[in-house]
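Proteins come first, then strands; the chains are lettered A, B, ... in the order of their sequence lines, and each starts at number 1. Keep in mind the model is a prediction, meaning the values are calculated, not measured.
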2 protein chains.
Amino acid sequence: MTGVTRPPKKTALDHGRRTTIDFESETVCRILDAAESIFAENCYAGTRMDEIAAVAGVNKATIYYHIGGKEKLYDVVLTRHFTHFANRLERELADCADPVEGLRGVVRIHAEEFIRNNNAPRTIAHELAGGSRRITPELVAAYARIHGVTARFVAEGMASGRLRPVNPAVLQVVLAGSLLVNTINAPFRSQLAATLDPGQPPMPTLPDMAAFLEDVVIAALTTMP
Amino acid sequence: MTGVTRPPKKTALDHGRRTTIDFESETVCRILDAAESIFAENCYAGTRMDEIAAVAGVNKATIYYHIGGKEKLYDVVLTRHFTHFANRLERELADCADPVEGLRGVVRIHAEEFIRNNNAPRTIAHELAGGSRRITPELVAAYARIHGVTARFVAEGMASGRLRPVNPAVLQVVLAGSLLVNTINAPFRSQLAATLDPGQPPMPTLPDMAAFLEDVVIAALTTMP
DNA sequence: CCTACCGATCGGTAGG
DNA sequence: CCTACCGATCGGTAGG
């Protein structure tokens, strides 16, 4: 013994359980991206840790080392997405003083994010359909921030007379819900289009949906200037 | 051997595979209802045949006897629902000559059916999110009938000038999609409501959503008389 | 319709 | 001593 008291070793493990996740690690990023895509395809219950490991190109034990078990991995994937989404909405619309432009921005950002990455919304659809049993309070808090952006524009618009009275939660479901459904039903749309008459209007893309929501739904709530 | 040539026994089995399903059987009905609720809760991949048997109150082998394997059972559950839905829409709205009243009827019937049985819509949400890999052509055809009701009212309304131009597929996603999302997110809504300020407007019920879709969305598409 | 099982595969963890 | 893994296998359970 040297008699020198050393500081406690820095470790990411506490009683065999990881306390922090290194989001800077490229391995962690590959695992989370792989998990997100397989949770989207097969739902929580249908997803196998082996498949996530195979897609991520790592040994399965590496997932347990870096992140944790299946439930923890699921929670981290969802939290990462909701946090990113809420951050972007708040950042890009914080300075928007016009409630109508703000709601249009909400639609635009939802559409852009769903186009950029449809795996997270698909996983969320599974989670909602399954009864939201695996939603943590932190996840609800993150979604409350997303809901809060819409609620703020509705409240300001109603106060200033720019918007007709509307329940912001109803509007949020119509705007985000329509875009969510048109995101997850893409393969089904293709199957349906093949059975319809060629003369029928084409199946809607996400920008088509966004345009309708802005030009019809939001416009209908806007008072004449 | 008696030497008497008997006719082939009437059987529902052909090379060990069932060719017809007796939908009048109470056992079959219990199996399908149990399967519908568990597919809704756990998605196709997460559903265990043992659990369906337990909820239905039958031995697991009975499911294979009456209906077939897991994929067949899933297909029968979805087909039963889509067929019922399409039948009701066509029956109740066949005589409706007013396109605006017709679209309001589409919203009302969707809402009523989703309230009556939310298990089928939840299973469909799982199926869409998972990429619609298990949708059969018969199922697409059944949905095409549902889509056709909305498309007919839109076409008639645009022809007569009662409705502004709109892609019927866009409108169908906004109407049915909003109601679908507000059906499957019920447990999540409760969790979200608990975190919001008590002064906030209440989380929307399905009738709230239906009222918005009729009074704002459909109204916005309606021309002045 | 049930009992008695099977090939395989599940999420998670051992030692090195 | 530590970190970041790997090859192999654990006790149980899935669909059939």
d([atom1], [X]; [atom2], [N]) in whole Å:
| X | N | atom1 | atom2 | value |
| --- | --- | --- | --- | --- |
| B/I38 | D/dG15 | CD1 | P | 11 Å |
| B/R30 | C/dC1 | CZ | P | 9 Å |
| A/E26 | D/dA4 | CD | C1' | 14 Å |
| B/H66 | C/dC2 | NE2 | C1' | 12 Å |
| A/D22 | D/dA4 | CG | P | 8 Å |
| A/N59 | C/dG15 | CG | C1' | 14 Å |
| A/I67 | C/dG12 | CD1 | C1' | 15 Å |

Measuring only the P atom in each nucleotide, how far is C/dA8 from D/dG12? A whole number of Å is fine.
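Each nucleotide's P atom is 22 Å from the other's.
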Is it the case that [X] and [Y] place a side-chain donor and acceptor less than 3.5 Å from each other?
| X | Y | value |
| --- | --- | --- |
| B/R48 | B/N42 | no |
| B/T62 | B/N59 | no |
| B/N117 | B/E36 | yes |
| B/N185 | B/R189 | yes |

If you define the side chain from C-beta out and look only at heavy atoms, does anything of B/V217 sit under 4.5 Å from B/L171?
yes
Sorted by number, residues from residues 41-50 of chain B placing a heavy atom under 4.0 Å from DNA chain D are B/T47, B/R48, B/M49, B/D50
Answer with yes or no whether B/K60 presents, from its side chain, a donor or acceptor under 3.5 Å of a partner atom in the base of D/dG16.
yes
Against the six-membered ring of B/Y44, is B/R134 placed for a cation-pi contact (under 6.0 Å from the centre, within 45° of the normal)?
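Yes, B/R134 and B/Y44 form such a contact.
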Closest approach to the side chain of [X], judged atom by atom: which nucleotide of [options] is it?
| X | options | result |
| --- | --- | --- |
| B/K70 | C/dC2, D/dG15, D/dC6 | D/dG15 |
| B/T27 | C/dG12, D/dC5, C/dC1 | C/dC1 |
| A/Y65 | D/dG15, D/dC5, D/dC6 | D/dC5 |

What do the steps show when you test A/F188 against B/Y143 for ring-ring contact (aromatic ring centres under 6.0 Å, His included), and what is the final call?
CA-CA 10 Å; A/F188 183 78; B/Y143 186 80; 5.3 Å; yes
